[in-house]
Amino acid sequence: MNSSFLDRLLRNWLTLRKPVSRLQAVGLGVACILLCLTGWWLITHGANESRLVGPLTLPSPAETFSKFSELWNDFALTRNVLVTLRRVSIGFALALMVGIPIGVTAGCFPRVHAFLSPLIMIGRNVPLAAVLPLMIFIFGAGEKNKVMFIFVASVAFVISDAARAIMDVSARYIDTAYTLGASRWQTISKVLVPLAAPTIFSACRQMFGLAFGYIMLAESIKIADEVGGLGYQIQIFQRRGFREHIYLIILVIPMVALVIDQVLAWIQRQLFPHMHGGDGMLRSLVRITLIPWESLKSLVFYRTPVSLSSAATEERLK
Amino acid sequence: MSQPPAQVIGMGTVLDHVRTPQEVLRPHVVEFRNVTKTYNAGKADEFTAIRDVTFVVEDVVEKGEFICVLGPSGCGKSTILRSIAGLEPQHPATSGEVLVLGQPVVGPGSDRGMVFQDYTSFDHRTVLENVTFGLECLHMPRKPRDELGREWIHKMGLNVGTDAHKYPHELSGGMRQRVAIARTLILKPRIILMDEPFGALDPLTRLNMQDLLVKLWKEVQATVFFITHSIEEAVFLGDRVYLMSNSPGTILEELKIEPATSSANEMQRQPKFLEAVYYIRDKITKLESNQ
């Protein structure tokens with residue numbers, strides 16, 4: 001073995017925080033998946049009796065993937081994924097609609113924050129498994145209790161993250177806005193919120209992943225008129241002993257989560273080009289849609305300020 | 001009051017005392033009357049930033065004065081500036097009066113524009129959107145606003161075509177401060193407050209910015225308050241230099257400076273320029289060693 005080659009290879013691979021090329025990064029990821037599949041295959045290959053891990057505990061990869069078409073067709077995988085997604089999305093959207101305005105207000109005004117802090121503290125520490133039955137009491141069986149469960153699980157985090165993001169904007173930006181003549185409301189809407197927005201978005205992106213996990217919990221409680229969803233499917237498969245299907249769903253969930261996360265990452269780049277280096281398509285779109293509103297405000301409010309008119313300069317020269 | 005002759009040192013003239021509002025007859029742009037600012041009064045960490053500060057800046061016809069404030073570190077220079085701007089927590093003063101154009105300061109406003117040392121460009125806005133921020137707050141329609149913005153970007157020596165749509169993080173420190181200055185000057189403020197605006201720039205950029213500032217200041221005819229640690233900068237830019245004492249700061253001396261006749265780089269080689277610089281440097285060195 002050529003030791004200097006090994007030496008160079010090690011030094012190259014083990015340099016601290018050395019950036020890796022995109023191709024290599026993908027290649028390494030694929031290698032990891034292949035390694036896991038090989039491990040899975042190794043411990044489950046052979047006749048049923050000679051396996052390292054029995055088929056009742058862990059079916060082999062071939063057995064598992066052979067059931068995919070059944071899951072897709074007979075058990076309507078797509079529909080169930082969509083049902084689950086719909087619940088999480090509605091619940092989470094509600095949490096954002098309620099949580100962000102409250103959080104921003106709390107971040108801007110410490111007195112509001114002090115007033116709300118007990119509620120936020122309780123909301124963040126509430127035992128979710130205990131809340132679930134309550135949701136069923138309050139909202140009954142069906143969609144509402146699941147949507148509200150996601151709402152309750154995430155709203156306190158949305159509020160506190162939004163408040164924290166606003167509070168973390170340096171005071172010097174407020175001073176600057178004020179000395180440029182911005183009103184308090186303009187300082188909030190044109191400076192504090194836009195500067196905090198990327199942080200709030202990142203926090204929410206992470207939280208959406210968590211909410212996706214919580215919905216499984218809500219769906220796994222069986223009530224009379226149950227209407228599907230991935231969590232519910234898992235429940236059914238467990239009762240029927242369909243191990244392969246459960247493993248498949250466990251593999252499907254991260255895929256769905258990955259797709260959603262990539263979509264959110266794209267939105268993030270298009271909305272906040274100054275933070276994430278995108279081309280800011282959505283940001284431009286937002287600004288364009290605001291133009292008529294802005295023009296309307298100009299019509300109503302704009303008066304040529306004394307200091308900018310030429311009369312003022314002449315006056316000063318007298 | 002008896003008036004002993006003022007002392008001439010190079011380009012500067014050290015007045016025998018700091019002028020008070022009562023003795024200046026022309027209209028006052030800014031006046032401080034016995035202003036003291038104490039934080040956490042009565043508590044263990046009580047701290048007096050400035051004590052009994054009295055001075056007056058007169059309204060000079062056809063041009064504002066360029067006032068530089070020099071002093072040892074921590075002497076309360078920023079406190080004076082932020083009191084004029086009306087920014088908390090420096091505003092309101094614990095005692096005494098801060099008057100701008102004869103009116104007490106009640107809060108911040110665009111008539112007193114401020115440029116900070118830290119880069120305070122709004123990161124989410126492009127250069128053009130940063131420069132026109134104040135006009136946007138006045139609800140000026142988009143078209144004239146952007147035109148005026150481009151005009152100022154050009155005046156600041158930035159390239160309208162390539163720089164207007166860049167974000168602040170794509171700019172160098174010098175360019176960011178150009179944006180910050182343009183953003184303030186576009187509003188034609190009566191008073192411009194600058195808190196060490198060139199403190200973070202490299203020496204060459206700093207000299208260029210000084211020349212640019214002199215040029216633009218003549219155009220906007222505003223009174224400038226300029227805080228700096230660089231004595232050369234103060235003597236080059238200032239019509240008047242206030243020299244502050246150790247903390248709690250008060251104004252020790254007022255110097256009148258001859259206007260500069262050439263660029264920053266050339267002025268700084270002239271003996272009478274250096275004489276004034278050395279005089280002030282000795283004073284500040286002495287103050288800092290007594291701290």
Side-chain angles (χ1 to χ4, degrees), chain A residues 169-187 189-198 271-277 279-280 283-284 286-288 290-310 312-313 315-318, chain B residues 59 61-64 82 84-90 107-126 129-130 132-145 148 165-170 180 183-184 186-190 192-193 195 220-222:
Chain A
V169 175
S170 165
R172 63 175 199 258
Y173 291 109
I174 302 178
D175 291 345
T176 307
Y178 278 162
T179 57
L180 292 171
S183 65
R184 195 167 30 192
W185 166 246
Q186 284 172 329
T187 305
S189 64
K190 291 180 194 291
V191 176
L192 285 177
V193 170
L195 282 174
L271 264 186
F272 312 117
H274 63 287
M275 292 295 286
H276 306 286
D279 38 357
R283 178 189 186 272
S284 310
V286 170
R287 284 195 86 84
I288 288 168
L290 286 177
I291 285 179
W293 170 240
E294 211 188 333
S295 310
L296 194 69
K297 279 199 293 189
S298 298
L299 275 178
V300 179
F301 295 113
Y302 185 63
R303 307 275 175 278
T304 308
V306 185
S307 64
L308 289 177
S309 70
S310 50
T313 318
E315 179 73 19
R316 207 183 282 171
L317 290 175
K318 268 182 205 164
Chain B
D59 199 358
V61 184
E62 284 191 46
K63 76 186 213 39
R82 292 178 60 99
I84 301 173
L87 292 172
E88 292 178 16
Q90 287 78 4
S110 63
D111 57 324
R112 285 150 290 141
M114 189 149 174
V115 180
F116 299 82
Q117 177 184 5
D118 301 320
Y119 302 136
T120 55
S121 316
F122 300 125
D123 299 329
H124 60 292
R125 290 174 160 254
T126 62
E129 288 162 357
N130 262 287
T132 55
F133 178 84
L135 301 175
E136 192 183 312
C137 290
L138 290 168
H139 302 288
M140 186 191 253
R142 177 174 286 263
K143 226 173 150 199
R145 188 174 84 202
L148 205 54
H165 297 287
K166 280 186 182 162
Y167 287 97
H169 73 265
E170 298 170 286
R183 183 170 66 173
T184 304
I186 200 171
L187 298 170
K188 297 269 168 73
R190 194 67 189 78
I192 303 165
L193 306 163
D195 194 349
V220 296
Q221 304 167 357

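Per chain, numbering begins at 1; letters A, B, ... match sequence-line order.
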Salt bridge B:Arg82-A:Asp175, side-chain N to carboxylate O under 4.0 Å
yes
Does the distance from a Lys or Arg side-chain N to an Asp or Glu carboxylate O, for B:Asp59 and B:Arg190, drop under 4.0 Å?
yes
Options [options], ranked by heavy-atom pairs under 4.5 Å with chain A, top entry:
| options | result |
| --- | --- |
| B:Ala180, B:Cys137, B:Pro144 | B:Cys137 |
| B:Lys143, B:Lys166, B:Arg112, B:Arg142 | B:Arg142 |
| B:Asp118, B:Asp123, B:Asp111, B:Thr184 | B:Asp123 |

My understanding is that only residues two or more places apart in sequence, or in another chain, count here; which of them pass side-chain contact (heavy atoms from CB on, under 4.5 Å) with A:Ser189?
A:Trp185
Residues of residues 294-301 of chain A with a heavy atom under 4.5 Å from any heavy atom of chain B, in residue-number order, are A:Glu294, A:Lys297, A:Ser298, A:Phe301
Rounded to the nearest 0.5 Å, how far does CG of B:Leu138 lie from OG1 of B:Thr132?
11.0 Å
Just verifying a value: how many Å separate A:Lys190 NZ and B:His124 NE2, rounded to the nearest 0.5 Å?
9.0 Å
Check: A:Gln186 main-chain N/O paired with A:Ser183 side-chain donor or acceptor under 3.5 Å:
yes
Are there more than 12 heavy atoms of other residues, nucleotides or ligands under 6.0 Å from atom CD of B:Glu88?
no
Any side-chain donor near an acceptor of the partner, B:Asn130 and B:Arg125, under 3.5 Å:
no
Is B:His169 close to chain A through its backbone or its side chain, or both, or neither, when contacts mean heavy atoms under 4.5 Å?
side chain
With a 4.5 angstrom heavy-atom cut-off, could you sort out which part of B:Glu129 is near chain A: side chain, backbone, both or neither?
side chain
Does B:Arg145 count as lying over the ring of B:Phe133, i.e. NZ or CZ under 6.0 Å from the six-ring centre, within 45 degrees of the axis?
no
Please classify the contact of A:Ile174 with chain B as side chain, backbone, both or neither, using a heavy-atom distance under 4.5 Å.
neither
Heavy-atom cut-off 4.5 Å, strictly under: side chain, backbone, both or neither for A:Ala197 against chain B?
neither
